[in-house]
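Here's the structure we're looking at; comments come further down.
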Amino acid sequence: QALNITVKNLPSGESRAIYKTSGMDLRQYKHIQMFVHANALTDDINLKDNEASVFIRLGSDYRNNYYEYEIPLILTPKGHYDTYTEADCRAVWPASNMLDIDLSKFTAIKKNRNREKSAGNASFTAPYFEYDDDAPNNKITVMGNPTLGEVRTMMIGVRNNSRGVRSAE
């Protein structure tokens, strides 16, 4: 399957996403993988690498009980959008943009958060995050009390990490 998300005039710190409701038990899976391509729209020539990120959110809802994995995006250089030679493949689809989530990391961060909660340093009502040891720029978040056994909402979105209004595709 393929998905194209175009975001225009996204304020700093904001995100936009699409979601799907389902009833899935993800405990039988070990990974979720998705290739991600990003480029600035022609009217936003100032967008730089890592100023936008892609995230996937899985949970019983999209606001109070979820796991989220976020990666900062490397932009495809202009002129490579329509080239499909093997030499240009990594320019269009950089390895750092590959979403490859080891689902055991979600349960590990939940355990870490619960330990921190017992010590009075975390809460179920505020997002708790850590950075992925295997990909230190990638952020893993847990909010509430989600379970991979009852995923009812899947969300994929784009977040503006810059200090200005941005447009991306």
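Just so it is clear, the model here is predicted, and its values are computed rather than measured.
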* Tell me, please, which residues at least two apart from S22 pass side chain to side chain contact (heavy atoms under 4.5 Å, CB included). => M24, M154
* Structure fact -> Applying salt bridge (Lys or Arg N to Asp or Glu O under 4.0 Å) to E68 and not counting sequence neighbours gives R57, R159
* Asked: side chain to side chain contact (heavy atoms under 4.5 Å, CB included) between T141 and K139: does it pass, once the steps are laid out?
  -> CA-CA 7 Å; T141 303; K139 186 166 131 179; 3.8 Å; yes
* Please go through Y19's hydrophobic cluster and name the other residues, only I, L, V, M, F, W, Y counting, with side-chain heavy atoms under 4.5 Å joining them. => F55, Y62, M155
* How would you list, by chain and number, every residue that makes a salt bridge (Lys or Arg N to Asp or Glu O under 4.0 Å) with D134, sequence neighbours excluded? -> K105
* **Side-chain H-bond candidate by donor/acceptor type, D100 with H31, under 3.5 Å** => yes
* Test L58 against T153 for side chain to side chain contact (heavy atoms under 4.5 Å, CB included), laying out the working first. => CA-CA 6 Å; L58 308 168; T153 303; over 6 Å; no
Return all side-chain donor-acceptor pairs below 3.5 angstrom for residues 121-128, not counting sequence neighbours, or 'none' if the list is empty.
residue: N121; atom: ND2; partner: E116; partner atom: OE1; Å: 3.2
residue: S123; atom: OG; partner: T125; partner atom: N; Å: 2.9
residue: S123; atom: OG; partner: T125; partner atom: OG1; Å: 2.8
residue: Y128; atom: OH; partner: E130; partner atom: OE2; Å: 2.8

* To do: Please list, chain by chain and in numerical order, all residues satisfying salt bridge (Lys or Arg N to Asp or Glu O under 4.0 Å) with R152, sequence neighbours excluded.
  => E150
* Carefully, step by step, assess R27 and D25 under the rule salt bridge (charged side-chain N to carboxylate O under 4.0 Å, His left out). => CA-CA 6 Å; R27 293 175 295 182; D25 182 350; 2.7 Å; yes
* Asked: So, Y69 and N138: side-chain donor and acceptor under 3.5 Å apart, yes or no?
  -> yes
* Not counting sequence neighbours, which residues clear side chain to side chain contact (heavy atoms under 4.5 Å, CB included) with N137? List them please. => P72
* Going through the checks in order, is the side chain to side chain contact (heavy atoms under 4.5 Å, CB included) test met by V36 and V54? -> CA-CA 8 Å; V36 179; V54 65; 4.1 Å; yes
* Asked: Which residues satisfy the salt bridge (Lys or Arg N to Asp or Glu O under 4.0 Å) test with R113, sequence neighbours excluded?
  -> none
* To do: Only pairs at least two apart or in different chains count here, so list each salt bridge (Lys or Arg N to Asp or Glu O under 4.0 Å) that has a residue in residues 119-129.
  => none
* Residues that S96 engages under side chain to side chain contact (heavy atoms under 4.5 Å, CB included), provided they are two or more places apart -> I74, P94
* Asked: For Y131, what are the other residues in its hydrophobic cluster, where any two members join if their side-chain heavy atoms are less than 4.5 angstrom apart?
  -> F129
* For K48, does its backbone N or O pair with a side-chain atom of E51 as donor and acceptor, under 3.5 Å? -> yes
* Structure fact -> With sequence neighbours left out, the residues meeting ring pair (Phe, Tyr, Trp, His ring centres under 6.0 Å) with F106 are Y67
* Minimum heavy-atom distance between N97 and L73, given as atom pair plus value -> OD1-CA, 3.6 Å
* Do S12 and N160 have side-chain N/O donor and acceptor atoms under 3.5 Å apart? -> no
* Do side-chain atoms of D61 reach the backbone of N65 as a donor and acceptor pair under 3.5 angstrom? -> yes
